Amino acid sequence: MKHPNQVIIDLASLRHNFSQARAAFGDRPLLAVVKADAYGHGAVEVARALTDEDAEMFGVAHPVEGARLRAAGIDRPILLFCGAHPDDAGDLADQELTPMLFDLELARALDAAGRARGRVLPVHLKIDTGMGRAGFRPEQVDEVLAILAGLDHVRIDGVVSHLALADDVANPFTARQYETFAACVERVRAAGFNPRWLHLSNSPGLFGQNFPLCNLARPGISLYGGLPGESFRHLDLQPVMRFVSRIAQVNRLPAGSGISYGHRFVTERDSLVAAVPVGYSDGYPRLVTNRAEVLVRGRRIRQIGTVCMNWILLDVTDHPDVRIGDRVTLLGRDGDGLISGDELAGWAQTIDYEVFCSIGSRNPRQYLRA
Ligand SMILES: *Cc1c(COP(=O)(O)O)cnc(C)c1O
């Protein structure tokens with residue numbers, strides 16, 4: 001059976017973006033962020049492609065995401081951004097999943113799991129230098145280090161923090177975060193630990209800052225051709241995701257016809273209206289109602305009326321050649337035309353990250369390998 005809607009993932013563009021990120025990081029190692037099913041692009045396929053490109057590590061949010069990568073044969077180190085429940089410590093050991101550590105209960109559970117297996121388990125110590133989210137606070141670090149020093153089967157393999165304002169390149173807060181981070185790293189070393197990996201940067205940090213201390217960066221959105229922030233429009237990043245549907249019907253409606261729920265669009269002239277079987281249940285945001293444009297035959301066409309669960313409507317009055325079965329591109333490239341994630345996100349009052357996640361995870365995906 002054929003689904004009318006498809007997400008097409010261009011792995012050549014993904015690889016291109018990865019090499020752009022690597023060049024921007026001075027050829028130092030990269031941890032490719034593949035959480036949320038690689039922002040909707042498919043974590044297994046993305047991790048396979050980027051293993052070929054020699055990604056040093058992969059990053060996911062939760063242990064189950066890491067286990068899925070292991071089951072698919074991904075053998076690079078995998079970092080768990082949201083930690084793990086202490087009950088899962090044994091599974092982390094067996095699957096070789098490394099948590100960002102911000103919870104001493106987990107540290108103790110890992111120590112026990114490591115002892116039972118005769119192994120020392122790696123963690124990356126997570127410090128909150130100003131994101132105000134997860135992580136040990138700088139003022140807790142000494143106490144945490146003292147406790148970790150007593151856990152023989154846990155090793156601090158990395159020290160990590162996360163930037164809150166890096167998309168605003170000139171914001172001085174980022175430098176303050178780096179200084180706090182560097183001071184914490186000093187204390188980790190002074191306590192006798194020798195962490196191999198020091199990392200702070202997401203995509204905007206990687207492309208917009210220089211942190212001499214760091215030897216690993218964690219790009220996500222830039223790998224997928226998204227926009228890490230307004231100051232990054234000049235970067236040579238290629239869109240990876242394309243979302244397509246097909247015209248299911250074309251109707252001729254007289255002037256004054258109400259369109260879709262609530263009649264939030266009323267035709268001002270005799271109109272040709274095309275119906276496309278895609279809607280918010282497919283991750284196409286309802287908030288774009290009366291605002292979005294799509295590409296048909298390489299031309300931009302206006303979306304009209306309320307976005308339904310499974311339908312949108314297009315005003316094709318000026319494009320009478322449009323036919324049932326024509327491909328509709330809702331996101332990504334069609335010939336020379338492009339609906340960027342950023343543009344679609346703007347119509348939906350959100351960010352491209354969310355658009356990629358919701359569209360990519362709800363539709364059948366097809367991979368272009370080229
Ligand atoms: C999601 C995430 C990243 C990647 O951020 P992008 O802006 O997508 O590059 C890096 N580090 C952490 C801790 C994250 O949660």
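Because the structure is a prediction, the values reported are computed rather than measured.
Remark: side-chain polar atoms of Thr289 are paired, donor with acceptor, to backbone N or O of Val307 under 3.5 angstrom. Between the side chain of Gln303 and the backbone N or O of Asn290 there is at least one donor-acceptor pair closer than 3.5 Å. The backbone N or O of Thr306 sits less than 3.5 Å from a side-chain atom of Ser260, completing a donor-acceptor pair. Of the possible polar contacts, none joining the Asn310 side chain to the Pro277 backbone as a donor-acceptor pair under 3.5 Å is found. Side chain of Arg117 to main chain of Ala93: no donor-acceptor pair is present (N/O by atom type, distance under 3.5 Å, no hydrogens or angles). When atom types are taken as modelled, the side chain of Asn5 and the backbone of Ser245 share no donor-acceptor pair closer than 3.5 angstrom. For the pair Arg246 (side chain) and Gly325 (backbone), a donor-acceptor distance under 3.5 Å is present. Judged by distance alone, with hydrogens and angles left aside, the side-chain atoms of Thr317 form a donor-acceptor pair with the main-chain N or O of Leu272 at under 3.5 Å. In this structure, the side chain of Asn17 engages the main chain of Ser13 through a donor-acceptor pair within 3.5 Å. Looking only at distances, no side-chain donor or acceptor of Gln140 sits under 3.5 Å from a matching main-chain atom of Phe136.
In this structure, Val7 and Gly360 approach most closely via the heavy-atom pair CG2-CA, 4.3 Å. The shortest heavy-atom contact between Arg28 and Phe211 is NH1-O, 3.9 Å. When all heavy atoms of Ala21 and Leu223 are compared, the pair lying nearest together is CB-CD2, 4.3 Å. When all heavy atoms of Asp315 and Arg269 are compared, the closest pair comes out as OD2-NH2, 3.3 Å. Shortest non-hydrogen contact noted between Gly208 and Val169 is O-CG1, 3.8 Å. Of all heavy-atom pairs spanning Leu14 and Val46, the tightest one is CD2-CG1, 4.0 Å.
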(Q) Using the rule given for side-chain contact (heavy atoms from CB on, under 4.5 Å), can you reason through Trp197 versus Asn215, listing the C-alpha separation, both sets of side-chain angles and the distance that settles it, and then say yes or no? (A) CA-CA 6 Å; Trp197 299 111; Asn215 56 6; 3.6 Å; yes

Q | Candidate pair Leu79 and His199, rule side-chain contact (heavy atoms from CB on, under 4.5 Å), full reasoning | A | CA-CA 12 Å; Leu79 199 56; His199 50 119; 3.6 Å; yes

Q: Decide salt bridge (charged side-chain N to carboxylate O under 4.0 Å, His left out) for Asp37 and Arg68; before the verdict, give the C-alpha distance in whole Å, the side-chain angles of both, and the deciding distance to 0.1 Å.
A: CA-CA 10 Å; Asp37 208 10; Arg68 244 175 255 137; over 6 Å; no

Q: Just do the salt bridge (charged side-chain N to carboxylate O under 4.0 Å, His left out) check on Asp128 and Arg137 with the steps written out, would you?
A: CA-CA 5 Å; Asp128 175 22; Arg137 296 285 306 160; 3.1 Å; yes

Q. Do Arg291 and Gln349 pass the side-chain contact (heavy atoms from CB on, under 4.5 Å) test, and can you show the C-alpha distance, the side-chain angles, and the key distance before you say yes or no?
A. CA-CA 11 Å; Arg291 279 203 285 256; Gln349 296 167 40; 3.1 Å; yes

Q) Please walk me through it: do Leu121 and Leu92 pass side-chain contact (heavy atoms from CB on, under 4.5 Å)? A) CA-CA 9 Å; Leu121 303 178; Leu92 298 200; over 6 Å; no

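A tilted orientation is assigned to the rings of Phe243 and Tyr284, their planes being inclined by 30° to 60°.
Taking CD of Gln20 as the start and CZ of Phe25 as the end, the distance is 15.5 Å to the nearest 0.5 Å. Taken to the nearest 0.5 Å, the CZ atom of Phe58 stands 15.0 Å off from the NZ atom of Lys35. Taking CG of Asp157 as the reference point, atom NE2 of His124 lies at 4.5 Å (rounded to 0.5 Å). Summarising the geometry, atom CD belonging to Gln95 is positioned 7.5 Å from atom CZ belonging to Arg70; distances are rounded to the nearest 0.5 Å. From Leu216, atom CG reaches atom CG of Leu30 across 7.0 Å, with rounding to the nearest 0.5 Å. For the atom pair OG (Ser201) and CG (Leu31), the distance works out to 12.0 Å, reported to the nearest 0.5 Å.
Looking at Asp342 and Ser340, their side chains never bring a donor and an acceptor atom within 3.5 Å of each other. A donor-acceptor pair shorter than 3.5 Å can be found between the side chains of Ser222 and Ser203. A donor atom on one side chain and an acceptor atom on the other are found under 3.5 Å apart for Arg218 and His162. Between the side chains of Arg242 and Thr329, at least one donor-acceptor pair of N or O atoms lies under 3.5 Å. Using modelled atom types, one finds no donor on one side chain facing an acceptor on the other under 3.5 Å when comparing His319 with Arg297.
Hydrophobic clustering keeps Met131 apart from Val141 (ILVMFWY residues linked when any side-chain heavy atoms are closer than 4.5 Å, directly or through intermediates).
Residues Leu148 and Phe193 form a side-chain contact, since some pair of their non-hydrogen atoms from C-beta on lies under 4.5 Å apart. Residues Ile156 and Leu145 have side chains in contact (heavy-atom distance under 4.5 Å, counting atoms from C-beta outward). Put simply, the side chain of Ile339 does not reach to within 4.5 Å of the side chain of Val294, judged on heavy atoms.
Counting non-hydrogen atoms of other residues, nucleotides and ligands closer than 6.0 Å to CZ of Arg119 gives a total above 12. Within a 6.0 Å sphere centred on OH of Tyr261, heavy atoms belonging to other residues, nucleotides or ligands number 12 at most. In the displayed structure, Glu354 atom CD is contacted under 6.0 Å by at most 12 heavy atoms of other residues, nucleotides or ligands.
Just one residue in the list Asp321, Asp336, Asp334 forms a salt bridge (charged side-chain N to carboxylate O under 4.0 Å, His left out) with Arg299, and that residue is Asp321.
A ring-centre distance under 6.0 Å is not found for Tyr39 and Phe356.
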